[in-house]
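In the text below, chain A, chain B and the rest are named by the order of the sequence lines, each starting its count at 1.
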Amino acid sequence: MELKKIIKSRELTVGLVMIGLIVFFSLSSERFLTTNNIKNILLQVSSIGVASIGMTMIIITGGIDVSAGSILGIVAVTLGKAATNGFPAWLSIILGILVGLALGSVNASFIALLGIPPIIVTLGMMSLLRSLAYTFLGGRWIASLPGAVRWMGLGKILNVPVPIWLTIILVAYFSYFMRYRPLGRYIYAVGNSLEAARVSGVDTKRILFFVYALAGLMYGIAGAIVVGRAGIVQTNTGNNFELQVIAATVLGGTSILGGKGTIVGSILGSLLVAVLSNGLILLNVPALTEGLIIGVLILGSVAIDVIKNRGEE
Amino acid sequence: MMKKFLKLMAVNRSFFLFVFLIGMFVVFSFIIPEFSTIYNVLNMTKYGVEIGLLAFAETLIIISGGGGIDLSIGSILSLSAMVIGVLAGRLGVNIVIASILGIITGGLCGVVNGFFVSFLRIPPLIVTLSTMYVYDSLALLIAVDKWGNPMPVSNFPYGYYFIGQQTYFNIPFQVIAIFIPLALMLHFVLSKTTFGRYLVATGNSEVVARFSSVPVRRVKFTVYVIGGFLAGLAALIMTSRIASARPDLGAGLNLQAITIAVLGGTNIMGGEGSILGTLMAIVVITALYNGLQLAGISSIWQVGTLGIILIGSAIANIILSKKFSSVE
Amino acid sequence: TYKIAFIPKLVGIPYFNAMEAGGKRAAKDLGVEFIYTGPTTDSVAKQIEIIDNLITKGVDAIAVAPNDPAAITPIMKKAKEKGILVLTSDTDGAEGVRELFVNQARAKDIGYTVMDVVAELMDYKGKFAIVSGGPTAWNLNTWIMYLQQRLAEYPDIELVTIRYAGEDVQRAVDVGLSVIQAFPDIKVIVGMNSTSAPGVAEAVELAGKVGQIWATGITVPSMMKEHMKKGSVKKFVLWDPENLGYLTVWAAKYLLDGNEFPANTPIDVPGIDTKPIYYPETKELVLGPPLVFTPENIDKYNF
Amino acid sequence: MDSVLKAKKIVKNFGGVKALRGVDFELLAGEVHALVGENGAGKSTLIKILTGVLQPDSGEIEYFGKNVVLDSPREAHELGIVAVYQEPLVYKHLSVVENIFIGNEIKKRNGDVDWKKERDVTRELLKSLDIDPYFIDEPMGSLSTGLQQLALIAKALNYNAKVIIFDEPTAILTEHETQRLFSIIKKLKEKEVGIIYISHRLEELPQIADRVTIMRDGQVMGTFNMNEINREKMIELMAGRAVIEEIDRKPPKYEEVVLEVENLNKKGLYQDISFKLYKGEILGFSGLVGAGRSEVMQTIFGLIKPDSGKIKINSKEVNIKDPASAMNIGIAYVPEDRGAQGLFRALAISFNITIPIIDQLSKFFGMVDKDKEREISENYLKWFQIKAPSIYTLVNNLSGGNQQKVLLSKWLATSPKILILDEPTRGVDVAVKSQIHNEILRLAESGISIIIVSSELPEIIKLSDRVIVMHEGRITGRFDKKDSITPTNLLNAATGSRMVYSRD
Ligand SMILES: Nc1ncnc2c1ncn2[C@@H]1O[C@H](COP(=O)(O)OP(=O)(O)OP(=O)(O)O)[C@@H](O)[C@H]1O
Ligand SMILES: Nc1ncnc2c1ncn2[C@@H]1O[C@H](COP(=O)(O)OP(=O)(O)OP(=O)(O)O)[C@@H](O)[C@H]1O
Ligand SMILES: [Mg+2]
Ligand SMILES: [Mg+2]
């Protein structure tokens, strides 16, 4: 039974396509499968991966969050401003992450408590927060961040970069959470049928609130990683970030209509894109054709998945 | 009377936006002397045209439901524009033929999207995200000049410019001759015809529609193709207006078009929405941007204001409908 | 007083912030009103819309850093017909319509200078790579074109790849890392715009290649100071955008007053420390040659 | 016996619709209390108020003698009140196990969900309903509505509830499952659980109910001991009017074969399906839930592509690739699941009725003829006595039975030659049911060929000229003679013990 499920899953398809790509890239370039390069790819995935934990839950509930990038932007601004205004590094980081949580909770209040559709709330927040980030920065970028503030991006534990640790730990915990904690299950329940969940005695407002607030927290962590890695806070940090996160999530098998999906799938989705864009540079494929190849491969791997499960419904 | 008015505002999105628009006009007219001049009002209309066409496309596509959305619509615009530009400007093809081929390119892009969405049944978000990459990449590739860099094309024959630059009594040609007739036509199709019924049915529930002998696949396919053509047409108008074809012409327009459709009352879950609502949203946003710019407010706060309006109008709507829609 | 507007390619990046600061300073010195407004992304269409609204409002002069040199022609023509003085600054455009192009340095000089810096950093032989911003940025592409032209004069130097990272430092870091991984034997990596240059410098440091690979490029000094300290950057190229902003407003006022520039001789502009030259055949006012920043001079600049 | 649950003077309005006008209702411990009334009488609304899904406009609820306020289903659960609702509420992407346990999980000591125990309990539950629990890990959405309904019943049983409410649980269950359910209800009674049982199958009430409350137009017409009241009296109180007399059926001529199905196969769904349908006949399809009847019908309607086999219309082989082509050759299919397959719930009645024929209602440029649309919709509204303010009322706001009438109208409007009805009287009240039956008979008389799939044996027996029985995807019985169509025969065939033929 379980085996049948795994074989049918999008996760497996995406995983297999990725393995295929990895084999192909390693055969074409001996520099691909090196510790260094694997680290590069994982680092590249980390911020998107952490954010996709929150996004996956949101999309499973049948919602969407296009304000992820803007929240990340405000997190970066807060962190940068705090650090350059004499706050200790650890406090700046925590402050940044808490701002993420707070903004997630604002989304959550509008959506869960007032019942405004998520697309409207998050589109609105996206626009509004962009303007705020710009205003807080006074249009000026923050460079030369003190080294300690960049710990979330540059730090290492046991010689493994902190962002990679964070990604692995968070993904592992929340995968467990989604399967074994009642709250995790309620998230699926809400996405399958809000009415059924309500009638089964699930406090649906609480679940929705939790999901959007938690996503904010994840964007906060992702923001601290991005600032740490880039070392610069731009007025438009996080631009287009939401699209990458949504893409990874949906590519990994989470249904945009809600009700199904896994966090592992989303990580695989973001890895697939990262492996591709890294591999194409290693093969020195002309830059302008990159989009063409990425687009065709994404479409192709999902088409395989759809055809594989033909005749199911 | 007042109650009836407020109730209409609660249930009818277009009316709500209309009232909002009037309010905005009054406020802007008071604080900005140039705003309510006939010249300005007519002049600003042209800035709603291209994004408006894209928003109409998104409206139809989102109504088709099942996560219907087109993230590639801006990229189709870029690619169509480049086709027109390269054919007419670099290869010397007759401008009329180049324009037609450009619009057809848009339609073909829509065919590709529609094929994957309706016949292979791949989620629209994934299809159009992928084709967004592909069309962008193609636009860049055909824009490459002899130095290997993608470069804009701008040597169009002079006659080409009437589409996007001509005005009659200050009314831009593209508004009166293309946009308004098209809006009327789409409104007619969506609200009065059998195709409109099929579209709404499909968007409400694909399964029920299938069981009701609605040609679900054909309907979905068709909206993506219409979307492609509209983007192609927008490309034509835009290249003519700015006298330049660029491979990044449509960048960032997807989300704007979706935002307008949503502001206009299109339900992102499908099955609900109107051309009239979207049209009102276009007018509101165009006037808003114009007013804010004339008021000298930094462009950064234009988007911010849009965000406030989006959430604010949703809250207003909830309050209004709580109060007024249930009482008979 | 004159109303002089400057429309940058986009607002909210350090480069144009510096131009804005220069423009403001000039406005104060010269007693004119300075309007600074632009799109939030490097969008051509939005820029045109903003110019149109400035025309509706009524200003005396409009200076634009166009995102597309041809696309602004119709709107600039309209402005001119309404009796507004139209100029371009930073990037040329609307040729035949605009009254003046305030040029920071000739594109050719910029491309050549960057190539010369690259060559010097690598001791005139070896490989290097370029990470640019958006693939459609007209001026970046023009500079790359001249860079390649100059490259032909260095037979022992090879350009291995050109990649694009948009306006995003984080993305530039990732692309930089991949490029270093792909071509470990490059000696220089060039970031062509404000975000790519610090991004590739960061990548060099992350890859542990400080001392083996030099990062350089075109960007504002504030983004590079830290990297110079860390040793991944020795030299990079720019001009003084604050001076450019100042010169733009100054020149607009000068023309509005009905003056004509003396041809082909260095002009004294009080308030900036270079002597611009006017070329009548192209109606171009050039600020001066591009600046090469080094650890010695970098602390003089605060933008 | 103690009073468990007591509703006092409950009033509930939906906009202008007065759904409940001061209802009093009392449930005692250990009794089965039937609730009957015609469609739209307010039964489901009352249930929803008793479970906290809806809040009353006024009135009080007493639980074990104490006043309670039920603000949400959650509070009702905590008190021990659960329900199986009329419109099945399922999580379609989640497994049966999850469907049963969400909101009521079995937890390990650390608070984790105990999957293993939940699976075990699910198996036990289903076995107690006499169902093979092979599907407990399948997504709920992949099960037939019958199985879904059974799973939801299992879910309700799993709560340690003091009050269990069944809103038409047997509407789509067959005799067999119904009997299982009854024996379980009897066990619950012994445990002093109070049970409210809503049904339109009045004949099953004496078997199971102790008392019955009859509702009409949002009011209670009276509560009786089951042995003090008979069917006729109930109907009289429910309807306030006599039930329509039923037409006599003359046997058809069996001359012209309209539809012929030969060796139809679809892996996993059905095998070797062959049968003929004559002009003007009514062919019944009987079987247990999950026998695959719906799938066969959906294949004929072009919704499922068969692996092999032929479909002939008037002896010519046809390729029915989608419902549109089925409709073109005159086939109409009324699906069993009106929520998921039959109706656009968020749209108007008129939209729903006219969508299959909208092409025929168009004037120039594909424009919909609104006048014709209104005329057709209003005709059906009147003819079926659909309880709705206007044809523009949303389907969502109708009671279950009235929704069913809209569904039938929708397909009758296509004026088909072959009409396939899948559970056509699901959830309609006695009066409407005989109205629908009469209509079916009348249509057959006029030369239309009808296939009727029904889980209700009496319905099949009453209407069918011939009956085909299916079991686990195969045809296990054919009854061509009216007198061979008996409950025993059909049940024997339906349990698949052996192939049963009754042809002479
Ligand atoms: N959400 C709603 N909005 C408006 N009217 C409603 C709504 N729900 C129910 N009604 C109306 O309330 C009345 C009672 O409906 P209810 O569902 O309780 O009937 P019922 O007795 O369960 O009928 P059935 O036997 O057909 O299921 C009906 O007239 C119905 O149209
Ligand atoms: N108890 C069972 N044993 C084996 N297979 C089953 C069982 N229950 C369901 N199935 C499978 O599911 C399919 C059920 O289809 P479906 O329930 O729609 O048939 P049906 O006769 O129309 O039933 P219903 O009365 O619920 O409409 C069968 O073809 C079979 O493959
Ligand atoms: Mg009911
Ligand atoms: Mg069935």
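- When heavy atoms are compared at a cutoff of 4.5 Å, D:Y159 approaches chain A solely by way of its side chain, counted from C-beta outward.
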* To do: Take A:V199 and D:K48 through the side chain to side chain contact (heavy atoms under 4.5 Å, CB included) test and state the conclusion after the steps.
  => CA-CA 10 Å; A:V199 164; D:K48 286 182 185 157; over 6 Å; no
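- Salt-bridge formation is detected for the pair D:D112/A:R181: a Lys NZ or Arg NE/NH1/NH2 atom is positioned less than 4.0 Å from an Asp or Glu carboxylate oxygen.
- When heavy atoms are compared at a cutoff of 4.5 Å, D:K267 does not approach chain A at all.
- For A:Y186, the part sitting under 4.5 Å from any heavy atom of chain D is the side chain, from C-beta outward, and nothing else.
- Side chains of A:Y180 and D:D114: no donor on one and acceptor on the other come within 3.5 Å.
- Heavy-atom neighbours of D:N110 CG from other residues, nucleotides or ligands within 6.0 Å: above the threshold of 12.
- There is a side-chain donor-acceptor pair under 3.5 Å between A:S200 and D:K155.
- In this structure, the side chains of D:M140 and A:N192 stay at 4.5 Å or more apart for every pair of heavy atoms.
- Heavy-atom minimum distance, A:S193 versus D:L89: OG-CD2, 4.5 Å.
- Within 6.0 Å of NZ in D:K108 there are more than 12 heavy atoms belonging to other residues, nucleotides or ligands.
- For a residue to count as touching a neighbouring chain, one of its non-hydrogen atoms must lie under 4.5 Å from one of that chain's; by this rule A:F177 does not touch chain D.
- Between the side chain of A:R198 and the backbone N or O of D:R74 there is no donor-acceptor pair closer than 3.5 Å.
- Remark: D:W115 CH2 is packed, more than 12 non-hydrogen atoms of other residues, nucleotides or ligands lying under 6.0 Å away.
- For the pair D:K107 and A:P182, the tightest heavy-atom approach, listed with the atom from each and the gap, is CE-CG, 3.6 Å.
- Looking at D:V90, the atoms closer than 4.5 Å to chain A (heavy atoms on both sides) all sit in the backbone: N, CA, C or O.
- Contact of the D:V113 side chain with the A:R179 side chain is not registered, since no non-hydrogen atoms from C-beta on lie closer than 4.5 Å.
- Atom NE2 of D:H93 is separated from atom CG of A:L257 by 7.0 Å, given to the nearest 0.5 angstrom.
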